[in-house]
Amino acid sequence: MRSGLLVVLLASCSTTPAPRAQQPERVIVDHDFVWDEAHSMDPLPGKLPDNWLSPVDYLNGELQFRLQVTEKADDTPVWLEICMWQEKLGGPHTCLNCLQPPFRSPGEYTCRMPMRRKKELDFTRPFVATQIRIKDGSQGRGLDLVRVGKGLPIKAHYQVVLVPAGQRFSGWR
């Protein structure tokens, strides 16, 4: 009888750690856009983490991008990026892009990239301004499309999801 009790006690005292709780993915862009100028100011700061390291580690995670282009004026290659400013628009910032090569026509484009650290930015503080930039991608990150007078207008649905460190992306919905 004693040996049966011992087995039950050992079975309930497992040394296997409990699985890590899933942290929330964060949708930072999920909008329909009609770009007829070179950039759009967006209400992203409320969707960006105030602190990218705590309580959830987004800084060591990744970004997932999806662009669904329904209309585009011509076949100009387009470089698309999100720029986030920390102190003020035009101040210290980072721009994020992984849609390579630049897109030329209607279609669906996806990519993923690790978050990029910039040493002059403090990711434990909030970003104060954001822009989604669309540029001439003929030779990499070129001029804003409105300055070169081509490529516009573009109609698209754009999504960007921030995935915490150590997690897999749950997929597009």
Side-chain angles (χ1 to χ4, degrees), residues 25-53 58-164 169 171-173:
E25 293 178 347
R26 192 171 206 134
V27 176
I28 59 175
V29 179
D30 189 5
H31 296 287
D32 289 322
F33 288 95
V34 177
W35 285 293
D36 51 13
E37 28 181 278
H39 58 79
S40 56
M41 294 295 292
D42 298 298
L44 295 182
K47 295 182 177 186
L48 297 175
D50 287 336
N51 181 332
W52 291 63
L53 287 168
Y58 291 110
L59 186 58
N60 295 299
E62 70 178 18
L63 288 161
Q64 292 280 341
F65 295 82
R66 178 164 74 168
L67 179 68
Q68 297 166 300
V69 180
T70 54
E71 293 180 36
K72 188 169 175 308
D74 61 31
D75 71 345
T76 300
V78 177
W79 177 281
L80 174 69
E81 64 188 4
I82 296 177
C83 296
M84 303 180 301
W85 281 269
Q86 193 135 59
E87 296 167 9
K88 63 181 180 180
L89 186 61
H93 68 284
T94 187
C95 293
L96 308 167
N97 167 25
C98 68
L99 293 174
Q100 296 297 322
F103 68 92
R104 293 178 169 271
S105 60
E108 182 170 306
Y109 304 89
T110 61
C111 62
R112 67 184 190 96
M113 64 173 279
M115 266 304 302
R116 292 189 186 146
R117 293 176 184 250
K118 287 194 79 170
K119 62 184 174 196
E120 64 270 17
L121 298 177
D122 178 356
F123 281 87
T124 64
R125 293 182 330 153
F127 287 87
V128 298
T130 57
Q131 284 184 321
I132 295 175
R133 308 288 301 214
I134 53 174
K135 297 174 170 279
D136 181 355
S138 299
Q139 298 175 357
R141 183 180 185 242
L143 299 174
D144 287 334
L145 289 177
V146 76
R147 290 182 64 193
V148 296
K150 53 186 178 176
L152 300 174
I154 299 168
K155 291 183 181 180
H157 187 80
Y158 187 42
Q159 296 170 291
V160 181
V161 177
L162 188 52
V163 181
F169 179 48
W172 298 109
R173 296 178 190 123

Working to the nearest 0.5 angstrom, can you tell me the gap between Phe103 CZ and Ser105 OG? 9.0 Å
Are any of the side-chain heavy atoms of Ile28 and Leu63 separated by less than 4.5 Å? yes
Intermediate values then yes/no, side-chain contact (heavy atoms from CB on, under 4.5 Å), Ile134 and Leu152: CA-CA 10 Å; Ile134 53 174; Leu152 300 174; 3.5 Å; yes
Are any non-hydrogen side-chain atoms of Arg133 and Asp144 less than 4.5 angstrom apart? yes
Rounded distance (nearest 0.5 Å) linking atom CZ of Phe65 with atom CG of Leu80: 8.0 Å
Which value, rounded to the nearest 0.5 Å, describes the distance between Cys95 atom SG and Gln131 atom CD? 8.5 Å
Value for CD (Gln68) from OH (Tyr109), rounded to nearest 0.5 Å, stands at 11.5 Å
Any sub-3.5 Å donor-acceptor pair from Asp32's side-chain atoms to Val34's backbone N or O? no
For the atom pair OG1 (Thr130) and CG (Leu89), what is the distance rounded to the nearest 0.5 Å? 9.0 Å
So for atom CD, which belongs to Gln139, do other residues, nucleotides or ligands contribute more than 12 heavy atoms lying within a distance under 6.0 Å? no
Evaluate the side-chain proximity of Trp35 to Lys155: yes if any heavy-atom separation is below 4.5 Å, no if none is. no
Would you mind reporting whether Ile82 and Met84 have side-chain heavy atoms less than 4.5 Å apart? yes
Any side-chain to backbone donor/acceptor pair from Lys72 onto Thr76? Under 3.5 Å, distance only. yes
What verdict does the side-chain contact (heavy atoms from CB on, under 4.5 Å) test give for Val78 and Leu99, after you've listed the backbone C-alpha separation in whole Å, the side-chain angles of each residue and the deciding distance to 0.1 Å? CA-CA 9 Å; Val78 177; Leu99 293 174; over 6 Å; no
Less than 4.5 Å apart, any side-chain heavy atom of Gln100 and any of Pro102? yes
Answer yes or no: is there a donor N or O on one side and an acceptor on the other, between the side chain of Arg112 and the main chain of Glu62, under 3.5 Å? no
Donor-acceptor pair, side chain of His93 and main chain of Gly91, under 3.5 angstrom: yes
Give a yes or no answer on whether the side chain of His157 reaches the backbone of Phe33 with a donor-acceptor pair at less than 3.5 Å. no
Do the side chains of Leu121 and Phe127 get nearer than 4.5 Å, heavy atoms only? yes
Would you mind reporting whether Asn51 and Phe123 have side-chain heavy atoms less than 4.5 Å apart? no
Ignoring hydrogens, what is the shortest heavy-atom contact between Val128 and Lys88? Give both atom names and the distance. CG2-N, 3.6 Å
Do side-chain atoms of Asp136 reach the backbone of Leu145 as a donor and acceptor pair under 3.5 angstrom? no
Check Lys150 against Asp74 and note the closest heavy-atom contact, atom names and distance. CB-OD2, 3.6 Å
Closest heavy-atom pair and its distance - Trp52, Pro49: NE1-O, 3.3 Å
Report yes or no: do Glu81 and Trp79 form a side-chain donor-acceptor pair below 3.5 Å? yes
Output, in order, the C-alpha distance, side-chain angles, deciding distance and verdict of side-chain contact (heavy atoms from CB on, under 4.5 Å) for Val161 and Arg26. CA-CA 6 Å; Val161 177; Arg26 192 171 206 134; over 6 Å; no
Evaluate the side-chain proximity of Pro106 to Thr70: yes if any heavy-atom separation is below 4.5 Å, no if none is. no
With no hydrogens and no angle check, is any side-chain donor or acceptor of Arg66 less than 3.5 Å from a backbone partner on Thr110? no
What's the verdict on side-chain contact (heavy atoms from CB on, under 4.5 Å) for Met115 and Leu162, showing C-alpha distance, side-chain angles and the deciding distance? CA-CA 9 Å; Met115 266 304 302; Leu162 188 52; 4.0 Å; yes
With rounding to the nearest 0.5 Å, note down the distance linking CG in Leu67 to OH in Tyr158. 7.0 Å
Can a donor-acceptor pair be found, under 3.5 Å and without considering hydrogens, that links the side chain of Gln86 to the backbone of Arg125? yes
